[in-house]
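As the structure is a prediction and not an experimental result, all values here were calculated from the model. Just so it is clear, the values below take in all heavy atoms, side chains as well, and ignore hydrogens, waters and symmetry mates.
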Amino acid sequence: MTFANNTNRSENGDNFVVKNVEQFTSTVLPQYFKHSNFSSFPRQLNLYDFCKLKAEPILTADFGAHIASYIQFYHKKFQRNKPELLGHIKRATKSDAQAKDDVDGLRNEIGQLKDSIFTMREQFDLKLAIIAFEFNQKIATLSAEYDRLTTSMQCPV
């Protein structure tokens, strides 16, 4: 089965269909790619903003089993009889400025998180000191009460 026999455009021409994944993997992928792994193919298409469409019939009787196994890929610039749009399909990349902005944003966020951690640590230490102080006061109060009770039990009235 060749590329033409295994793939075609959808009826409305806005996506292409892989009819038989196994045959596509064994015959087409090795001709055009360094691999024969179908799961890598959609990942590569994703880099060019293609998305995989699901075949979701309204009724199960709407599709036969062979059609339900078709896999469709869509890109808004991949249109039948509009070759002028193909030049607009480009690999998605971030500009250097965008990458620098991302790094600066992440550095800023890390700084804010460090400040939050420092503040929470201070609050934790303060609360822990208050709890320890109150605990020691209660121990002292209970110890004094214990001493008073033991003394009163030893002295006959």
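K19 is listed as a side-chain neighbour of N8, based on a closest heavy-atom distance under 4.5 Å. Under the 4.5 Å side-chain criterion, counting only non-hydrogen atoms from C-beta, L47 is in contact with Q44. I71 has its side chain within reach of V21: a pair of non-hydrogen atoms, C-beta onward, lies under 4.5 Å apart. The shortest distance between side-chain heavy atoms of L85 and K82 falls below 4.5 Å. The side-chain heavy atoms of F41 and L29, taken from C-beta on, include a pair separated by under 4.5 Å. With contacts defined as side-chain heavy-atom distances shorter than 4.5 Å, the pair I89/F78 qualifies. Counting heavy atoms from C-beta on, the side chains of L53 and N15 come closer than 4.5 Å. Residues F73 and P42 have side chains in contact (heavy-atom distance under 4.5 Å, counting atoms from C-beta outward).
Considering OG of S116 and CZ of R121, their distance stands at 12.0 Å, rounded to 0.5 Å. Atom CD in E145 sits 4.5 Å away from atom CG in L149 (nearest 0.5 Å). In this structure, L45 CG and S40 OG are separated by 11.0 Å, a value rounded to the nearest 0.5 Å. Atom-to-atom distance recorded for H75:NE2 and H88:NE2 is 10.5 Å, nearest 0.5 angstrom. Here CD of Q79 is found 10.0 Å from CD of E84. Values are rounded to the nearest 0.5 Å. Expressed to the nearest 0.5 Å, how far NZ of K114 lies from CD of E109 amounts to 13.0 Å.
Considering all non-hydrogen atoms of both residues, R9 and R80 come closest at NH1-N, 3.4 Å. Here the shortest heavy-atom pairing between P30 and T25 reads CD-O, 3.2 Å. The two residues Q31 and T27 make their nearest non-hydrogen contact at NE2-O, 3.1 Å.
No continuous path of ILVMFWY side-chain contacts below 4.5 Å connects F135 to L126, so the two sit in separate hydrophobic clusters. No single ILVMFWY cluster, assembled from side-chain heavy atoms under 4.5 Å apart, contains both I110 and F118. Side-chain heavy atoms closer than 4.5 Å link hydrophobic residues (I, L, V, M, F, W, Y) into clusters, and following such links, even through other members, never connects F124 to F133.
For Y74 and F50, the ring centers are positioned 6.0 Å apart or more.
Put simply, the side chain of S143 never gets that close to the backbone of I139: no donor and acceptor are under 3.5 Å apart. N136 places a side-chain N or O within donor-acceptor distance of the main-chain N or O of A132, the cut-off being under 3.5 Å.
The number of heavy-atom neighbours closer than 6.0 Å to CD of E11, taken from other residues, nucleotides and ligands shown, is 12 or below.
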